[in-house]
Amino acid sequence: MSNAPDETIQEVSATASLDPGTPARVLLIDGHSMAFRAYFALPVENFATTSGQATNAVYGFTSMLINLIRDEDPTHVLVAFDKSAPTHRTQAYPEYKGTRAATPEEFRGQVPLIQQVLDALRIPHVGIEGVEADDILATLATVAQAEGAQVLICSGDRDTLQLVTDQVTVLYPRKGVSDLVRMTPVAVEEKYGVPPQRYPDLAALVGETSDNLPGVPGVGPKTAAKWIGAHGGLDGVIAAAGEIRGKAGENLREHLSQVMLNRQLNALLRDVEVPLTFADLARVPIDREGVHEVFDALQFTVLRDRLLKMIPQEEDDQVSAGALGMTTTVLEPGGLAAWLQARGGRMLALAVDGAGARGAWDAWRVALADGEEVITLDLTALEEADEQALAGWLVDTDRPVLVHDGKPAAHALAARGMPVHGVRGDTLLAAYLCHPDQRSYDLSDLVLRYLKRELPSAQGEQAQGALDLGLAGESDAAADLAARAVAIGELAPVVDTDVRARGAEDLLHRVELPVQEILVDMEAAGIAVDGDHLDGLAAQFDAAVGQAAQAAYDAIGHEVNLGSPKQLQQVLFEELDMPKTRRTKTGYTTDADALAELFAKTQHPFLESLLAHRESIRLRQTVDGLRKTVAADGRIHTTFQQTVAATGRLSSTDPNLQNIPIRTEEGYRIREAFVVGAGYECLLTADYSQIEMRIMAHLSGDQGLIHAFNEGEDLHRFVGSRVFGVDQADVTSAMRAKIKAMSYGLAYGLSAFGLSKQLGIDVGEARGLMEDYFDRFGGVRDYLTGVVEQARRDGYTETILGRRRYLPDLVSDNRQRRDMAERMALNAPIQGSAADIVKVAMIRVADRARREGLASRLLLQVHDELVVEVAPGELEAVTSLLREEMAGAADLSVPLDVSVGSGRTWREAGH
DNA sequence: TTGCTTACGTA
DNA sequence: CGTACGTAAGCAAT
């Protein structure tokens with residue numbers, strides 16, 4: 001071919017280097033001692049995972065460790081732990097450490113977590129039966145010294161000071177765990193008045209409260225140091241005991257045996273049998289994948305970032321195989337068509353530099369990779385021919401393309417007149433299906449996890465898609481984008497294998513990818529709003545806020561910040577001396593339920609005004625939030641998140657259009673602000689009625705429940721008549737409400753306690769209600785217990801489309817975590833199956849609308865509801881289309897009931 | 001400035 | 001002591 005492009009080749013490779021000439025720097029840490037310090041330094045109530053596992057000690061310890069590694073850059077590291085077995089010290093002196101309070105339960109559970117962190121960091125840790133951590137440290141410090149190493153010992157136990165030499169420094173925590181003092185020989189002498197090797201002599205005389213070793217009464221560090229100095233050590237002091245005058249001398253003579261015992265006990269052993277050699281302590285690259293897992297589980301996001309930033313990438317584990325191989329082809333202007341032609345119909349990986357929000361996007365660069373060969377195109381300076389070639393290729397459904405996070409890429413390219421239609425794989429969606437509980441799926445993380453390679457980045461930590469300034473930045477950005485494209489291409493087949501192994505292939509290709517394409521259109525369309533109406537509401541709610549606030553101030557005679565829970569607590573529980581409500585971490589709750597209860601008890605007008613203020617300020621906030629997000633086209637373009645909800649649901653952000661109020665009249669007024677856009681006839685909403693209960697009926701196979709739905713009766717009335725043993729006509733509204741609450745609660749793992757609380761009945765009655773329910777609907781109970789059992793066995797739950805949620809905590813030792821996981825296991829198949837069905841419905845609706853050439857379009861999805869903008873003359877067709885395609889989205893043992901409404905506003909369309 | 005906590009809207 | 005989300009304000013630690 002005559003116009004074959006020039007090719008320049010850039011090889012990118014990583015080198016692993018070791019530096020054999022450097023003297024060893026050894027860091028030895030007393031694990032228990034430092035973890036214990038961390039436990040008391042950081043408030044336990046501020047450090048817990050959402051499931052309730054305390055993590056303050058893990059956090060403090062890990063933070064300290066990271067700092068030490070960063071600041072000291074050790075070549076060798078070891079953490080020693082105590083083991084509970086009796087030591088030579090307790091054998092010689094049963095009272096040893098006898099005054100120590102029992103280890104707090106919340107601390108004990110954190111030690112294994114610390115060890116998990118160490119494992120991920122590939123730092124050896126050791127605990128030996130019958131040996132204290134300090135003895136292990138003493139032994140290894142001795143070994144390391146013999147190797148000529150510089151040794152740092154990190155311990156909160158002063159006994160380690162005896163190990164200090166010119167080669168050995170003790171890092172002793174002064175306050176918390178971040179403020180460590182370097183105890184060198186000079187520092188020890190300065191602080192205690194004796195050289196390090198004499199420190200145990202001094203401690204023997206003074207005693208050590210924390211070890212329950214009494215010293216000589218009346219002898220403190222000053223006296224002890226003086227004696228030791230005068231007599232050349234403890235032996236000299238003991239020999240001269242008879243000559244020491246005064247009360248102190250007398251006490252010394254009386255306590256000689258205790259002093260000698262103290263000295264025997266505080267001598268650290270330097271010849272412990274340690275199952276590790278010096279070489280075993282050498283630093284090795286961290287297990288980056290393991291770090292992600294452990295830090296994810298501990299919810300240490302900041303700490304993880306700190307850690308990963310600090311560890312140079314070439315040090316990374318298993319990355320030594322080399323970075324991504326990459327051949328950058330520089331195309332001549334006008335050469336794109338030929339380049340694409342030469343690729344045939346092969347699948348190419350696409351990466352896009354672009355940015356945008358709220359319906360205003362732009363793309364400025366793309367990279368296309370065919371295996372290791374990659375090109376980048378500057379979209380701001382593209383020749384006409386190349387632009388056409390690119391647009392034609394992107395829009396062609398028969399030109400398969402792989403992406404990572406296709407939705408923003410599609411928006412950005414669409415803004416340049418290049419819609420993308422051939423997406424066959426998205427490594428972000430694929431990774432989400434494999435690990436739905438993760439909160440981020442960075443390409444670089446996936447490359448590490450699946451390819452054991454590092455994604456090269458010339459720009460370092462610069463945010464993806466950030467604007468580049470300067471020429472060097474330009475070429476870096478292009479190189480990074482090229483690397484991303486190559487990485488996506490290499491990653492896709494590997495992640496696909498994982499997807500297949502997890503049975504999620506169909507979900508990816510037949511559900512998530514088509515849904516993504518629909519979401520692009522929905523987000524681009526946005527929903528029209530009546531700005532004047534919003535302004536009016538804002539003014540109205542604003543006035544209501546002011547009125548309620550004034551009324552509240554009048555009721556107590558002064559002003560307070562009604563938005564500050566802290567100040568409210570002051571007013572309610574101190575000034576007004578009201579009964580205490582439920583406890584929170586920082587005091588007593590002032591939530592709406594609690595305030596309503598307090599009002600029932602006290603009738604205090606402040607509470608009424610406060611509640612009114614809360615409601616009004618909330619509404620104003622919602623309205624203000626919406627006003628801020630109206631785009632230039634007079635519409636609100638939300639972003640649907642497809643990979644954040646662990647159950648498979650979508651979520652909506654910026655703004656969240658899935659939580660627009662509906663339960664109060666004022667809330668409805670906000671829905672009036674969402675209107676049909678110009679050129680369209682009306683809005684239409686279609687929602688599934690009781691989809692979760694129908695899924696419950698289907699999954700449980702409970703004949704009673706299935707019958708109820710097949711008869712098409714009022715579900716809660718029907719169930720109520722069975723549970724209470726009365727005719728349906730005699731089910732009161734109170735009975736119906738109880739049944740409704742319970743039915744829904746069951747899908748969330750509701751307990752009798754929770755039910756009683758919600759219904760305001762006592763626990764016994766709630767328990768009875770649940771028993772009656774399960775007597776009549778035994779299939780439901782069997783299903784619920786079965787689903788947890790199976791999840792415990794398999795490690796995951798599954799929806800009707802095979803979407804999995806992994807729940808390792810089902811076998812946790814921690815009851816709170818386990819209970820939480822059980823409730824997730826109960827809910828995930830139900831909520832997740834509903835999500836599956838709605839997604840399938842969206843695809844069917846969009847497909848059929850396209851086939852029938854309708855101009856009406858999907859705008860929103862609110863979990864069980866679809867909102868459509870209906871083009872003129874299409875209302876009838878769209879109504880039946882939605883009814884049919886939504887009802888037909890799944891084949892359950894009960895019908896899927898769909899209700900449809902239409903109107904000028906979202907409120908009118910709702911029902 | 002940042003992250004945590006509390007509170008509250010939806011399904 | 002009921003699941004799944006997102007947002008905003010106050011507040012304490014930087």
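The chains referred to below are lettered A, B, ... by the order of the sequence lines, with proteins before strands, and numbering in each begins at 1. Bear in mind the structure is a predicted one, so any value in this text is a computation, not a measurement.
- In this structure, the nucleotide among B:dA11, C:dT3, C:dC5 sitting nearest to the side chain of A:M820 is C:dT3.
- Using a 4.0 Å heavy-atom distance criterion, A:A592 is classed as a sugar-phosphate-only contact.
- Interface remark: the A:Q641 side chain does not form any donor-acceptor pair with the C:dG6 base, using a distance-only criterion of under 3.5 Å.
- The A:N656 side chain lies nearest to C:dG6 when the options are B:dA7, C:dG6, B:dT10.
- Of the side-chain N and O atoms in A:T590, one or more sit less than 4.0 angstrom from OP1 or OP2 of B:dA7.
- For A:S652 and B:dT10, the shortest distance from a side-chain N or O to OP1 or OP2 is not below 4.0 Å.
- As a whole-Å value, the separation of A:N659 CG from C:dA8 C1' is 12 Å.
- Taking 4.0 angstrom as the limit, A:S651 places a side-chain polar atom (N or O) nearer than this to OP1 or OP2 of C:dG6.
- The phosphate of B:dA7 has neither OP1 nor OP2 within less than 4.0 Å of any side-chain N or O from A:R618.
- Counting heavy atoms from C-beta on, the side chains of A:Q540 and A:L619 never come closer than 4.5 Å.
- Listed pair A:R649 / C:dT3 fails the phosphate criterion, with no side-chain N or O lying under 4.0 Å from OP1 or OP2.
- In the model, A:Q861 has a side-chain atom that pairs as donor or acceptor with a side-chain atom of A:Q658 under 3.5 Å.
- Within the 4.0 Å cut-off from OP1 or OP2 of C:dG2, not a single side-chain nitrogen or oxygen of A:R823 is found.
- Put simply, CE on A:M696 is 14 Å from P on C:dT3, counting in whole angstrom units.
- For the pair A:R582 and A:Y588, the cation does not sit on the ring face, since its NZ or CZ is not both under 6.0 Å from the ring centre and inside 45° of the axis.
- Nucleotide B:dA11 holds its P atom 9 Å from the CG atom of A:D687, rounded to whole Å.
- Taking atom CZ of A:R663 as the reference point, atom C1' of B:dC8 lies 11 Å away to the nearest angstrom.
- Among the protein residues, A:R805 comes within range of the sugar-phosphate backbone only, with heavy atoms under 4.0 Å from sugar or phosphate atoms but none that close to a base.
- Other residues, nucleotides and ligands place no more than 12 heavy atoms under 6.0 Å from the CG atom of A:D813.
- Using a 4.0 Å heavy-atom distance criterion, A:G754 is classed as a sugar-phosphate-only contact.
- Checking the phosphate oxygens (OP1, OP2) of B:dT5, no side-chain nitrogen or oxygen of A:T584 falls inside 4.0 Å.
- One interatomic measurement links the two molecules: CG of A:L807 to P of C:dT3, which rounds to 12 Å at whole-angstrom precision.
- The side chain of A:F753 approaches C:dC1 more closely than any other nucleotide in the set C:dG6, C:dG2, C:dC1.
- Taking atom CZ of A:R671 as the reference point, atom P of B:dG9 lies 13 Å away to the nearest angstrom.
- Residue contacts shown for A:D819 are absent, as no nucleic acid heavy atom lies under 4.0 Å away.
- Between A:E512 and A:R803, some side-chain heavy-atom pair lies under the 4.5 Å cut-off.
- Within the nucleic acid shown, A:A828 has no heavy atom closer than 4.0 Å to any nucleic acid atom.
- Counting any heavy atom pair closer than 4.0 Å across all strands shown, A:L657 reaches no nucleic acid atom.
- With hydrogens and angles left out, the side-chain atoms of A:D654 and A:T639 include no donor and acceptor closer than 3.5 Å.
- Set against C:dG6, B:dA11, C:dA4, the side chain of A:M824 has C:dA4 as its closest nucleotide.
- A:D864 has its CG atom 15 Å from the C1' atom of C:dT3, to the nearest Å.
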When you compare the protein's N or O atoms with those of nucleotides 10-14 of chain C, which come within less than 3.5 Å of each other, and at what distance?
{"residue": "C:dG10", "atom": "OP1", "partner": "A:N561", "partner atom": "ND2", "Å": "3.3"}
{"residue": "C:dG10", "atom": "O3'", "partner": "A:S564", "partner atom": "OG", "Å": "3.3"}
{"residue": "C:dC11", "atom": "OP1", "partner": "A:S564", "partner atom": "OG", "Å": "2.4"}
{"residue": "C:dA12", "atom": "OP1", "partner": "A:K566", "partner atom": "NZ", "Å": "2.6"}

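- Among the protein residues, A:Q831 comes within range of the nucleic acid bases, having at least one heavy atom under 4.0 Å from a base atom.
- Closest contact between the side chain of A:R614 and the listed nucleotides B:dC8, C:dC5, C:dG2 involves B:dC8.
- In this entry the distance linking CG of A:L746 with P of C:dT3 reads 14 Å, nearest Å.
- Ring planes of A:F606 and A:H604: perpendicular class, angle over 60° (limits at 30 and 60°).
- Here A:L826 lies out of heavy-atom contact (under 4.0 Å) with every strand.
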When you look at A:E597 and A:T581, which way does the side chain to side chain donor-acceptor pair (under 3.5 Å) test go after all the steps?
CA-CA 9 Å; A:E597 264 178 55; A:T581 55; over 6 Å; no

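- Here A:T586 does not reach the OP1 or OP2 of B:dT5: none of its side-chain N or O atoms lies under 4.0 Å away.
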When Watson-Crick pairs (N1 to N3 and N6-O4 or O6-N4) and G-U wobble pairs (N1-O2 and O6-N3) count only below 3.5 Å on both distances, what is the dot-bracket string of DNA chain C, with | for other-strand pairs?
..|||||||||||.

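- Between the A:R671 side chain and the A:P661 main chain, a donor and an acceptor come within less than 3.5 Å of each other.
- Enclosure of atom CZ in A:R767 is not indicated, since only 12 or fewer non-hydrogen atoms of other residues, nucleotides or ligands lie within 6.0 angstrom.
- Here, C:dG2 and B:dC4 have their C1' atoms 24 Å apart, quoted to the whole Å.
- More than 12 non-hydrogen atoms from other residues, nucleotides or ligands lie less than 6.0 angstrom from CZ of A:R583.
- In this structure, the nucleotide among C:dT7, C:dA9, C:dA4 sitting nearest to the side chain of A:T653 is C:dT7.
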Run the numbers on A:Q690 and A:D864 for side chain to side chain donor-acceptor pair (under 3.5 Å), then give the verdict.
CA-CA 9 Å; A:Q690 297 150 334; A:D864 66 357; over 6 Å; no

